[in-house]
Amino acid sequence: MNNHYKFINTPLPYSYDAMEPYIDAKTMWLHHEKHLQTYIDNLNNTLSEYPQFQNWTLEELITNIPSLPKKIQTSIKNNGGGVFNHQFYFSNLANPALPHPTGMLSDAIKKEFDSYSSFKNLFKAAALSVFGSGYAWLVVNAAGQLSIITTQNQDTPLQLGMFPILNIDVWEHAYYLKHYNLRSDYINDWFNVINWNNANQNYMRCFDINI
Ligand code: MN
């Protein structure tokens with residue numbers, strides 16, 4: 001993935017039916033080919049008139065929104081955030097998946113939440129609590145601790161000075177075709193397709209540990 005203008009929608013590292021039966025192929029196709037593509041197109045359109053920001057990375061744009069021209073702040077927040085959040089979401093899916101966290105992240109989850117089981121309960125409750133559209137996240141906060149947070153719309157933890165480890169998209173487009181209005185069922189299914197190796201890499205990268 002190129003990480004500055006002009007952003008392109010690179011293929012997923014798996015097929016659209018790879019998350020079956022937990023996330024259906026049609027949802028994955030629509031989500032990647034239509035929803036993510038629209039955020040990418042809108043972000044590129046916004047940046048097309050601002051060559052001074054065309055070599056900025058996605059992360060640089062998102063973490064510096066207050067210093068961008070007023071006219072493009074909302075678009076960068078919504079569309080830049082939309083690109084970041086979706087790429088993050090798709091990168092954290094795998095099927096078959098490991099049944100539980102791995103490596104340093106596994107130890108940290110046990111330390112912070114007592115057990116993987118209690119983490120799941122807390123994470124699910126957070127994902128269910130998002131009113132309207134948004135995400136639940138496992139992040140490392142400014143104090144270096146694991147924390148579960150939610151964000152609205154396409155806001156990101158980057159804007160809050162937090163480092164993302166794992167996210168679930170709970171916009172209805174992420175599950176409505178298969179799970180209808182039952183977000184709880186979608187969350188239960190999603191727990192079966194978490195890419196724990198990738199999440200552990202995110203965690204280690206956060207502490208500058210190379211693997
Ligand atoms: Mn989405």
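Along the sequence shown, residues are numbered consecutively beginning with 1. Whatever order the structure lists them in is the order used to number ligands and atoms, beginning at 1.
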Ring centres under 6.0 angstrom apart (Phe88, Trp137):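 Close enough - the centres of the two rings lie under 6.0 Å apart.
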Can you confirm if the aromatic rings of His179 and His173 lie within a centre distance of less than 6.0 Å?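 Between His179 and His173, which both carry aromatic rings, the centre distance is not below 6.0 Å.
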Under 6.0 Å from the CZ atom of Phe207, do we count more than 12 heavy atoms belonging to anything else shown?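 Enclosed: over 12 neighbouring heavy atoms sit under 6.0 Å from CZ of Phe207.
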Do we get Lys120 above Phe191's six-membered ring, with its NZ or CZ under 6.0 Å from the centre and within 45° of the axis?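 Yes, a cation-pi geometry holds between Lys120 and Phe191.
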Going by salt bridge (charged side-chain N to carboxylate O under 4.0 Å, His left out), name the pairs with one or both residues in residues 75-94, residues two or more places apart or in two chains.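 Pairs touching residues 75-94 that pass the test: Lys77-Asp155.
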What's within reach of the Mn ion (ligand 1), meaning protein N/O/S atoms under 2.8 Å?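 Those protein N, O or S atoms (cut-off: under 2.8 Å from the Mn ion (ligand 1)) are His31 NE2, His86 NE2, Asp169 OD2, His173 NE2.
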Classify the ring geometry between Trp196 and Phe119 as parallel (under 30°), tilted (30 to 60°) or perpendicular (over 60°).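 Aromatic pair Trp196/Phe119 classed perpendicular.
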